[in-house]
Every structure is written in C-alpha cells, then in structure tokens.
Amino acid sequence: MINISFPDGAVRQYESGVSALDIAKSISEGLARKVLAASVNGQVWDATRPITEDASLKLLTWTDPEGQDTFWHSSAHLMAEAVESLYPGVKFWVGPALDKGFYYDMDLGDRKITEEDLAALEKKMTELARQSNRYIRKEMPKSEAVAYFTEKGDEYKLDLLQNLNDGEITFYSQGAFTDLCRGPHIPDTGFIKAIKLTNVSGAYWKGDEKNKMLTRVYGVTFPNQKELDEYTTMLEEAKKRDHRKLGKELSIFTMDEDIGPGLILWMPNGSIIIEELEKLAKETEEEAGYKRVVTPHIAKENLYLTSGHLPYYQDSMFPPMELDGAKYYLKAMNCPHHHKIFDAEQKSYKDLPYRLAEYGTCYRYEQSGELFGLMRVRCLHMNDAHIYCTKEQFAAEFKAVNDMYLKYFEIFGIEKYVMRLSLHEPSKLGQKYINEPELWLETEEMVRQVLKESGTPFVEVPDEGAFYGPKIDVQIWSTIGREFTLATNQVDFAQGRRFNLSYTNKDNAPETPLIIHRAPLGTHERFIGFLLEHYAGKFPVWLAPLQVKVLPISDKFMDYALDVQKKLKRSGVRVEVDDRQEKIGKKIRDTELMKVPYMLVVGEKEMSEGKLSVRRQGKGDLGSQDIHAFIDMIVDEIENRKSGE
RNA sequence: GCCGUUGUAGCUCAGUGGUAGAGCACUUCCUUGGUAAGGAAGAGGUCGUGAGUUCAAUUCUCAUCAACGGCUCCA
C-alpha cells in the first residue's frame, strides 16, 4: 500500500500501481470523467500512469492550466494522426501546446496543406477523436528508438533523440499514430469534443531562417462545443478592437501604396491625438528638467560609424544617398544627434544631469513581412530623450525616469504590462556586450533596486541587454495577441566613450558621462496603435479628436446650435455641429459610431431655457444641463486629463 | 526576407471566359423629425499592376506590388 496525500491535506491509502484516474474513480465517476492529467509530487503525469510510491497528488482538469496544456498537447498528437492518415509519409518535428491551442510542425515533402485543406483535416480529427483511442505511454531504450527512426528515415526525430539520454525516452501512441514524446497526455482522444484548426503557415526548422521551412498547422480544441463558440466570439470581439480597423473607421490614419509600405499618413483626427500626446510629453518633461531639441532626419555615415550602429544595424537602415561625395543615412535613432548637441559646448559637472528631449523622427527599414499596422512601421516618431549624468546621479535619474513611466501609465490607465529587465551574459562580454564587467553588474543592480523600491512589477531576462548596457522594456500585447515593446528605458556606458563625451569633474579632470536612453511613450505610431485598442476607440475626452458634437433637433435650432458651438470653441473644446438634414435618431447613431464623447441635443426646450441635453457616448442621455455648467465640467475633464471612466 | 492567403466603387463584400453588382457612404430633391438607421432620384469602377494563353481575360497562367495569417527579425 502507498500513501497518497491530497491538496486539502487528506491522506489515503491505495495499492501500489494505482493510477490517478483510478483514484479519481474511487472518489466519484463524475470527477473521473473530467480528469485530464495529474500532478504527482509536483510533476505533471498521465492520469493513467501507475503510481508506485507515496506521493502528493493533484488531479488536473480543464480548469487547471496544466490540464489545458496537456489537453492541447494531446490535441496536437490527434492532429498529427489525422495528418498522417491523409498525407502518408509526412515527417513531424515538434507539436507543443500554446497559451491558447497548439501547433505541429511537419515536413510534407512536395505536398502542401493550404487553408482549404483544414476542413478535411478537422473532419478527420473529429472522426478519430470519437474513437476514444487511449494515449499509451511506452518507455524505450535509446538504441531502439534510434533504430526505429533510422529505418523510417525520419531525420527530425533523430535530431531530437540526439539531445536525449537513454532511460528518459518515451513514446506515445494513440490509434495508428506513434510519436516520440515526453508527455504527458490525456487518457483518451474522446475528451476532445470541439476542434478548430485556425491557420497554416511556414515555420523555419528550429526557428533558424537558414534552415528548411516546415509547414505549421495551428489549432485549438475544447472539451465541449460551447467553449469553442465562446472562444470564436471572443476572437471576433478582439477583431473589432484591432487598431487597424478602428484607425480606418475613426479616420485616424491611412496608408497608400504610392507613399510606401510602413509609412503612415496621419489624418486630421490622428494628428490631434499626436498633438495632445506631445503636449503631455512637453509639459511633463519641462517639469522634470528636460530641454527640448530638434535634429535633422539625416546624417553622414561617419556619425553612425562613431556610434557603432554601422555596420551592425545597417540592414535595418534605409540605404544611404550619395551627396557631394558623402554618404547620408536616414536616421534610425536619435541618440547620436543628441550626443552631438551635448558635445557642442563644454560641460562641467555643474551642468549635469543634462537632459535632452525630442519627438524624433526615425526611419527603419523593417523587413517587409514584419510591418504591422501602426505597431511596426518604417517611419516613426519617438518620445525620445537622453540623460547625461554622473555615476553618483545615476540612481536618482533612473528612478525619476521610472516614476515618469508610472505617472504616464496612471494617466492612460495602463495596467496590463510587463517590465522586462534585460541583462548581459558574462560569457559574451567583449562580443555581444561592451567589456565592462563591473559597470554591468553595478548598473544592473542599481536598476533592479529602483524597480524594487518603486514596487514596479518586472521580470529579469538574461542575455537580452543592449550592447551598451542593461535595458528595461515595457511589453504589451495587441488585441490579437501579438507582443510589442511599448516603451524602452536603457542604460548606456558605451556611447559616451565612443563619442568622446566628457565633462569636467570637481577635481578639474575630464570624465565620461553615463547616458540613460528613455522613451516612456514609445513612438506615436505604436503608442496610438496601442491606445486605440486599449480604449477600443473610445478615447478619453482630452484625447478624443472630436470632443463634442452638437445635434440640433431640426434646422430651426441651427442658430442656437452654432451659438453653443461658439461658446465651447472659445473654451478650447473641439466641437462640431451636425448640420445635416437628418432625424435626431440618425444623428445620434452616427455620432455614437464615431465614438464622440459628448453629444449635445438642442431643440425647442433647450433653446427657450438656454440649456443643453447632454448625452455621453456609450452611456446615453445624462439629462439637461446649463451651458456654463457643461463647459466647466468638460474643461475640467480635459485639463485634468480625466480617464472618463 | 521565407511559407501561405487575398486584392472588384470611398468602406464592407457578392459575381462572371463575352469589358460588372449589393448595402453603407457621397450628390440632389422631398421631409423639419426629441435620444442608435425617414423617403426618392443620381453620380461613382481600365475588377492592384505588367505580360502570356485565347476570337475574346476582371475571370485561366506567369511575374510584380501591396495587404493579411504565421516564421525569422526587432539597440
């Protein structure tokens, strides 16, 4: 007999060799029907695998992340079985579970799967799932496994086997399909009730673009149809928030083939948002002691040789143009220009910290397949600034920058983000990273302390630093799930030296400043793309391109409407009058769809009383208000940049 | 850059080997209507671009450009 302890602290005795599924059955049949896998002493196991020692056990169902993981991994195997039956001779690489769903990479030889073929695959999968075939685990000696795949001519699985040791090699079979697999798996295919193959794409073998491109099929499965329907609905809702769709609907931005890929045309509505963001940045930076500068969009080759961006970054820069025997590049970053401003005049320690800010226009030749709406573009406007400071000032400056991030996030109600602290890898000093071991450790620790003290949630990622120092990236996710760096904050102890920047210290000796690169609002492009999705197009009043629309009941009240408009305009409110010959219902509908925060309905009643009927977008009629009371309220809302929630 | 898909009116989309259609938007007229679509008429497209096959191409083939879904990349 063995002792099994449960999460609630209970301990029960079972015969050795009992499986988690047996145990579940001993508790209740209903539970047994839901068990997908089990956590045995903290390791996720097949629910059917015999337990032969005392163990702590947690039964995993669909409500556990590990349960879903196992479910989707098993679904990948089910898909592989279907693929193999429809495309005999196919070779498989790996088929992991994802956050939501799974994929399997495969080599189909000369054949290919297109999206049209997915329906047939789904059908086959459903058919195989209904057979409720058990997933059977089998341990195998390495030599036997190698022989098996050598005979099959499966170079992919042989490659996988290279990294596995004898004694840890397991195979899983279900139905006619057998695969090298660590597991675990769900008890049988019958658990998989709802199947959706979402897309098919190419994927480089081992993620290396020099390697062969395999076919990757993505899918998602559920234990019932209802969950699949909910998931489908959720995806449709997310699509409505896609910044590309909203940007078009709300006339924020456009693109044109004649302008070029990744080059954004900001329409009047988008330009208003840009101006509001810049106003915020200028106010904030002014208060924090930054000085504004303006620098050209191009510079000579030598600048980027000095900075070290050429040749490493050259592939991401537009090719140079030759003028008067010199090569000029479109700038991909603002820092070298700012360094030159720092260097233009002699600096004393009394001048530090010296903070230069600019909404700098940069051009980056991103690969064509990389472009993505506003999120990844070729011309971008960066909320950039560089702080030149002494080592002693560094911690305080870095903290001030971090505080600025947090202040911005509060204004925009940004709660879902992750700060990634990217560190260096000591073995790569002198290659990927500048060879300053003490400075690396010292600044990394300072940065870590600042983050800890401010209570900012962050994760540390090794070997992701910039070549000139550690950095903090603020990661966000677009509504369709793509991850982006919204903002970045970097420490730089290389550029100062490369540009021979110096200041005179108290001892009358030259010293190289430390530099902090920071861009809390990222770029206009990505930030507005993010805001569109974040607010679902319903901007707070201060950011809304049009803040108020006056809706006269009929032409008879046009003069009054124009008078209301005039008064609001005088208070600095962005306001228009709907002067179309439409019924009020139609005017309201159109204004609602354009997500204008306030609608002012004016008719006989309002005109005679000198009042307004106020309607808030998405909330409906707020009742009648005095004109001045409304102006006071909206001006307060705008000036204090209220979220409008 | 790589794999796959798509490209028809301002927008969303239907359609065909014999040079095109809907809804919304737009223009004009009627309507002056109280909180999410009043009515009528009209205008608008070299069917992404270039080449090929064909008596004939928007439709088939190839190339190219762009967008989309992924991969790779992302100081």
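Just the heavy atoms: all of them, side chains too, but no hydrogens, waters or symmetry mates, feed the values below. Naming: A, B, ... by sequence-line order, numbering from 1 per chain.
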Please evaluate the base of B:G70 for a donor-acceptor partner in the side chain of A:Tyr204 within a cut-off of under 3.5 Å? no
Looking only at side chains, do A:His77 and A:Tyr104 share a donor and an acceptor under 3.5 Å apart? no
Can you check the A:Glu115 CD to B:C68 P distance for me, whole Å? 15 Å
Criterion side chain to side chain donor-acceptor pair (under 3.5 Å) on A:Asp384 and A:Tyr359, from CA distance to verdict: CA-CA 6 Å; A:Asp384 212 357; A:Tyr359 251 108; over 6 Å; no
Residue matched to B:U16 through Watson-Crick or wobble contacts both under 3.5 angstrom: none
Determine whether a donor-acceptor pair (one donor, one acceptor, N or O, separation below 3.5 Å) exists between the side chain of A:Arg364 and the base of B:A75. no
Report the distance from atom CD1 of A:Ile588 to atom C1' of B:G33, rounded to the nearest whole Å. 12 Å
Using the salt bridge (Lys or Arg N to Asp or Glu O under 4.0 Å) rule, take A:Arg420 and A:Glu460 through it: C-alpha gap first, then chi angles, then the decisive distance, then the call. CA-CA 6 Å; A:Arg420 278 165 50 109; A:Glu460 299 195 12; over 6 Å; no
B:C71: pairing nucleotide in any strand, Watson-Crick or G-U under 3.5 angstrom: B:G1
I'd like to know if A:Arg376 reaches the base of B:C74 with its side chain such that a donor and an acceptor end up less than 3.5 angstrom apart. yes
Taken to the nearest 0.5 Å, the spacing of A:Lys549 NZ from A:Gln617 CD works out to 13.0 Å
Can you tell me the base-pairing partner of B:U6? Count Watson-Crick or G-U wobble geometry only, both distances below 3.5 Å, and say none if there is no partner. B:A66
Paired with B:U27 by Watson-Crick or G-U wobble geometry, both distances under 3.5 Å: which nucleotide is it? B:A41
Decide yes or no, distance alone: a donor-acceptor N/O pair under 3.5 angstrom between the base of B:U5 and the side-chain of A:Ser201. no
Would you state whether a donor and an acceptor, one from the side chain of A:Glu257 and one from the base of B:A66, lie under 3.5 Å apart? no
Taking N and O atoms by type only, does the side chain of A:Glu370 place a donor or acceptor under 3.5 Å from a partner on the base of B:G70? no
